[in-house]
Amino acid sequence: MNPQVFQQRIEQAALSLWELGDLLGIHPHHLHTGDVPGLTALPAQVIIDLARRLDLHPADLIEALDPPTPARRTTAADSTADTAQPDLNTDAQTVPTALATTSIPLTADELATALRWTLDRVTTALSHAHAHPALAGPVALRRVPPDGWTISARLDVLTDDQRRALADNVRYRAPFTDEEANILLAAYVLHGHGEYDSWRQDHLDAEQALKDSGLLHSQNGPHRVSLDDDVRFSLDHRPSAPADTHAPRDGFQAARRPASPPEAQ
């Protein structure tokens with residue numbers, strides 16, 4: 001395989017040299033150039049695993065295994081040119097793949113530019129993919145008003161318990177960013193004082209991620225938030241602290257005010 005193409009696939013798959021070394025059973029120090037020495041000498045299962053990880057056919061790695069097919073050996077020129085009669089199902093799979101490759105919603109114009117398709121072809125592919133959701137497999141095409149498109153996991157494949165278990169894994173294993181930690185602390189400190197609504201305007205994306213993960217709830221309007229019980233417990237030194245009590249706002253510290261003494265009789 002062309003070393004430059006191989007290196008590009010490694011980068012696109014976000015494989016570090018250590019991960020590639022673990023996959024191949026080769027010390028990463030021997031992969032400093034991004035090339036794999038003695039690829040033909042590796043066990044067949046290793047070649048298959050590497051091909052799967054890079055979304056290739058084993059013959060793309062070792063051409064002697066099988067004559068390359070046109071489908072596997074599509075050139076850059078072929079991929080950038082519109083065909084006279086594009087296959088709708090193939091196009092409808094290409095569009096979600098393109099959206100999965102980027103982290104932001106794209107418009108039809110932006111997709112057409114990136115794929116080097118005509119706008120009509122992109123529009124037709126979007127309509128076909130939207131009308132036939134099974135073509136996108138585990139993801140679904142979503143509209144992002146006013147004219148953007150993105151993808152997200154389908155909601156009709158997993159059960160509620162399965163989704164809840166997966167969400168729990170994210171909640172308890174994924175580390176917080178500094179911004180997410182500040183949002184949770186701000187929600188704990190500010191939301192009862194009416195100041196959270198203005199504060200949150202500069203942190204909407206991170207706040208939405210916390211809501212999606214179930215750590216932050218907003219049932220009565222986007223600015224009226226409440227913390228998950230586990231989060232509130234971690235911010236409050238009293239296990240039975242009620243949800244509507246709040247810490248002092250100064251510096252977003254989670255210290256509690258001392259309880260007021262009882263009135264004298």
Side-chain angles (χ1 to χ4, degrees), residues 1-16 19-20 23 34 48-61 68-158 163 166-167 170 174 177 204-209 211-213:
M1 184 176 188
N2 185 311
Q4 183 178 2
V5 175
F6 179 75
Q7 181 62 27
Q8 288 175 348
R9 275 301 173 96
I10 294 293
E11 294 173 356
Q12 291 165 356
L15 274 178
S16 69
E19 292 169 325
L20 181 60
L23 182 64
I48 293 172
D49 289 342
L50 176 61
R52 285 174 175 168
R53 185 66 181 83
L54 301 180
D55 290 335
L56 294 169
H57 189 280
D60 292 326
L61 298 172
T69 65
R72 293 201 302 270
R73 289 302 183 188
T74 301
T75 65
D78 293 333
S79 63
T80 59
D82 275 338
T83 58
Q85 293 181 335
D87 180 73
L88 276 179
N89 288 344
T90 301
D91 281 4
Q93 290 174 326
T94 300
V95 166
T97 303
L99 293 172
T101 306
T102 180
S103 60
I104 60 173
L106 297 178
T107 65
D109 284 332
E110 291 169 331
L111 280 169
T113 301
L115 297 175
R116 300 187 184 180
W117 289 1
T118 64
L119 182 57
D120 286 344
R121 182 175 177 182
V122 170
T123 303
T124 301
L126 286 169
S127 299
H128 192 70
H130 203 253
H132 302 82
L135 292 174
V139 299
L141 201 61
R142 313 286 189 195
R143 291 199 68 124
V144 180
D147 53 5
W149 293 87
T150 189
I151 60 166
S152 63
R154 287 175 56 179
L155 302 178
D156 58 340
V157 177
L158 301 179
R163 278 193 294 272
L166 292 169
V170 174
T177 65
L204 294 178
D205 290 341
E207 183 200 55
Q208 186 59 50
K211 289 179 179 179
D212 293 341
S213 67

Trainee: So, the side chain of Arg163 versus the backbone of Leu158: is there a donor-acceptor pair under 3.5 Å, distance only?
Mentor: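 A pair under 3.5 Å: yes.
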Trainee: Let's go through Leu106 and Ile104 carefully: what are the C-alpha distance in whole Å and the side-chain angles of both, what is the deciding distance for side chain to side chain contact (heavy atoms under 4.5 Å, CB included) to 0.1 Å, and is it a yes or a no?
Mentor: CA-CA 6 Å; Leu106 297 178; Ile104 60 173; 4.2 Å; yes
Trainee: Checking Gln93 side chain against Thr90 main chain: does a donor-acceptor pair fall under 3.5 Å?
Mentor: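 No.
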Trainee: Write down the atom of Ala51, the atom of Pro58, and the distance for their closest heavy-atom approach.
Mentor: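 Closest approach of Ala51 to Pro58: CB-N, 3.8 Å.
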Trainee: Just so I know, are the side chains of Glu110 and Thr107 near enough to count as touching, which here means a heavy-atom distance under 4.5 Å?
Mentor: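 Heavy-atom side-chain distance check passes, below 4.5 Å.
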Trainee: Working to the nearest 0.5 Å, report the span between CG of Leu99 and CG of Leu126.
Mentor: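 Reported to 0.5 Å precision, the distance equals 7.0 Å.
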Trainee: For the residue pair Val95 and Ile151, establish whether any side-chain heavy-atom pair is separated by less than 4.5 Å.
Mentor: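 SC-SC contact between Val95 and Ile151 ruled out.
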Trainee: Atom OG1 in Thr124, atom CH2 in Trp117: separation rounded to 0.5 Å?
Mentor: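 Between atom OG1 of Thr124 and atom CH2 of Trp117 there are 10.0 Å.
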Trainee: Would you say the side-chain atoms of Arg121 pair up with the backbone N or O of Asp91, donor to acceptor, closer than 3.5 Å?
Mentor: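 Such a contact is absent between Arg121 side chain and Asp91 backbone.
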Trainee: Any side-chain donor paired with an acceptor under 3.5 Å for Asn89 and His128?
Mentor: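 Indeed, the side chains of Asn89 and His128 share at least one donor-acceptor pair under 3.5 Å.
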Trainee: Could you tell me the separation between the CG atom of Asp109 and the CG atom of Asp147, rounded to the nearest 0.5 Å?
Mentor: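 Taking CG in Asp109 and CG in Asp147, the distance rounds to 8.0 Å.
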Trainee: Could you verify whether a donor N or O on one side chain and an acceptor N or O on the other, from Arg142 and Thr150, lie under 3.5 Å apart?
Mentor: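 Judged by distance alone, the side chains do not pair up.
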Trainee: With a 3.5 Å distance limit and no angle check, can you tell me whether Thr101 reaches the backbone of Thr97 through a side-chain donor-acceptor pair?
Mentor: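 Judged by distance alone, yes, a pair lies under 3.5 Å.
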Trainee: Measure from the side-chain N and O atoms of His132 to the backbone N and O of Ala134, and report whether any donor-acceptor pair falls under 3.5 Å.
Mentor: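 Checked: no pair found.
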Trainee: What closest approach, in Å, do Ala92 and Leu135 show between heavy atoms, and which atom pair accounts for it?
Mentor: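 Where Ala92 meets Leu135 most closely, the heavy atoms are CB-CD1, 3.7 Å.
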Trainee: Could you give the distance from CD (Gln208) to CG (Asp205), rounded to the nearest 0.5 Å?
Mentor: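 Rounded to the nearest 0.5 Å, the CD-CG separation comes to 8.5 Å.
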Trainee: Are any non-hydrogen side-chain atoms of Leu141 and Trp149 less than 4.5 angstrom apart?
Mentor: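 Side chain of Leu141 against side chain of Trp149, heavy atoms only: contact under 4.5 Å found.
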